[in-house]
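To start, the structure itself, in structure tokens.
Computed from heavy atoms alone, side chains included, the values below leave out hydrogens, waters and symmetry copies.
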Amino acid sequence: MGARVIAITRSPEKARFIKQFADEVVTEQRFSKVVKDLTNNVGADIVIEAVGTPTLEESLRSLRSGGRVIIIGNVNPDETYQLRLGYLIMKDIIMIGNVRSNRSDVAETLKLLSKGFVKPVIAATFPLDKFSDALEFMKNNSRIGKILIRP
């Protein structure tokens with residue numbers, strides 16, 4: 001859709017799979033330097049932070065001045081994070097937290113799906129009566145994709 005995508009994962013196995021969806025895949029734990037190198041030392045316009053506090057510092061360092069980080073997942077509300085406000089202010093960084101989507105987001109997503117722009121990655125499908133098995137399967141960190149529950 002016109003964006004240059006740099007994906008981050010710590011798993012070389014996942015990196016091989018993710019490569020089909022991204023222009024670059026980075027597996028280094030200190031990924032901000034690699035992102036800067038890939039962007040001629042400018043940084044990313046937008047970072048979608050799906051891990052939370054363990055990777056937030058690197059995500060912030062990956063941003064260009066005036067960039068945005070959207071924090072979408074795996075954030076423990078009881079966990080604290082020591083934020084360097086001066087860094088945010090001096091780099092003019094915007095932080096956005098998002099936990100849900102609205103009706104228009106869902107409609108737009110379904111439109112993108114119907115046009116083939118987005119193809120969901122399904123790791124496994126379980127019948128509703130095997131929901132506990134699906135929950136157990138979710139604990140597998142090596143899985144790639146979402147789990148589908150069918151009636």
Side-chain angles (χ1 to χ4, degrees), residues 1-124 134-149:
M1 296 180 68
R4 178 177 181 206
V5 176
I6 302 171
I8 312 294
T9 183
R10 62 184 168 171
S11 165
E13 294 79 28
K14 286 183 180 180
R16 285 189 285 279
F17 182 79
I18 293 168
K19 182 63 180 150
Q20 65 186 307
F21 304 107
D23 298 297
E24 308 284 344
V25 180
V26 178
T27 57
E28 285 85 355
Q29 188 170 1
R30 301 275 184 213
F31 57 85
S32 61
K33 181 178 179 346
V34 180
V35 171
K36 292 285 183 142
D37 290 344
L38 290 170
T39 60
N40 295 320
N41 211 33
V42 172
D45 294 321
I46 299 171
V47 170
I48 299 174
E49 172 55 69
V51 174
T53 54
T55 56
L56 184 56
E57 183 71 24
E58 283 297 300
S59 291
L60 291 171
R61 290 177 185 268
S62 297
L63 285 168
R64 68 166 172 79
S65 289
R68 292 178 284 173
V69 60
I70 302 167
I71 304 169
I72 64 166
N74 299 334
V75 179
N76 178 346
D78 298 324
E79 190 173 340
T80 61
Y81 178 79
Q82 190 169 353
L83 183 62
R84 295 178 301 137
L85 291 177
Y87 186 78
L88 243 57
I89 293 166
M90 297 305 288
K91 285 196 70 178
D92 194 25
I93 291 174
I94 299 168
M95 292 182 80
I96 301 167
N98 191 339
V99 71
R100 69 184 74 71
S101 56
N102 58 38
R103 184 176 288 187
S104 66
D105 293 335
V106 172
E108 182 65 24
T109 300
L110 292 174
K111 198 182 309 178
L112 292 171
L113 282 165
S114 71
K115 292 181 178 179
F117 291 131
V118 178
K119 294 183 177 81
V121 177
I122 307 298
L135 289 175
E136 192 61 35
F137 185 77
M138 284 177 59
K139 294 177 183 176
N140 179 354
N141 284 334
S142 64
R143 73 174 163 80
I144 297 173
K146 299 296 182 187
I147 297 169
L148 181 66
I149 306 294

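Note that CD1 of Ile8 and OG1 of Thr55 are 9.5 Å apart. Values are rounded to the nearest 0.5 Å. Distance CD/Glu28 to CD/Glu58: 10.5 Å, rounded to 0.5 Å. Rounded to the nearest 0.5 angstrom, Ile122 CD1 and Leu148 CG are separated by 5.0 Å. Taking CD of Glu49 as the start and CG of Leu60 as the end, the distance is 8.0 Å to the nearest 0.5 Å. Note: Ile149 CD1 to Leu135 CG = 7.5 Å, rounded to the nearest 0.5 Å. The OG1 atom of Thr53 lies 12.5 Å from the CG atom of Leu83; values are rounded to the nearest 0.5 Å.
Counting only distance, with no hydrogens or angles, the side chain of Glu136 and the backbone of Met138 share no donor-acceptor pair below 3.5 Å. Checking side-chain atoms of Arg143 against main-chain N and O of Gly145 turns up a donor-acceptor pair under 3.5 Å.
Taking every heavy atom of both residues into account, Pro120 and Leu113 meet most closely at CD-CD2, 3.5 Å. Looking at every heavy atom in both residues, Ile18 comes nearest to Ala7 through CG2-CB, 3.5 Å. The two residues Met95 and Ile71 come nearest to each other via the heavy atoms CE-CD1, 3.6 Å. Across every non-hydrogen atom of Ile144 and Val121, the tightest pair is O-CG1, 3.9 Å.
Between Arg4 and Leu38 there is a side-chain heavy-atom pair separated by less than 4.5 Å. No side-chain heavy atom of Val99 sits under 4.5 Å from any side-chain heavy atom of Ile72. Using a 4.5 Å heavy-atom cutoff, the side chains of Arg84 and Glu57 are in contact.
For Gln29, the CD atom counts as loosely surrounded, since its 6.0 Å shell holds 12 or fewer non-hydrogen atoms of other residues, nucleotides or ligands. Under a cut-off of 6.0 angstrom, the local environment of CD1 in Ile147 is crowded, with over 12 non-hydrogen atoms contributed by other residues, nucleotides or ligands. Annotation: Lys146, atom NZ; neighbour count of heavy atoms from other residues, nucleotides and ligands within 6.0 Å does not exceed 12.
Salt bridge present: Arg64 and Asp45 bring a charged side-chain N and a carboxylate O closer than 4.0 Å.
Annotation: side chain to side chain donor-acceptor pair (under 3.5 Å) contacts involving residues 98-112, sequence neighbours excluded, comprise Asn102-Ser104.
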Next on the checklist: side chain to side chain contact (heavy atoms under 4.5 Å, CB included) for Val69 and Ile96? Distances and angles first, verdict last.
Outcome noted: CA-CA 6 Å; Val69 60; Ile96 301 167; over 6 Å; no
Checklist entry - Could you walk me through whether Phe31 and Ile6 pass the side chain to side chain contact (heavy atoms under 4.5 Å, CB included) check? => result CA-CA 10 Å; Phe31 57 85; Ile6 302 171; over 6 Å; no
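Not a single ring-ring contact (aromatic ring centres under 6.0 Å, His included) links Tyr87 to another residue, sequence neighbours left out.
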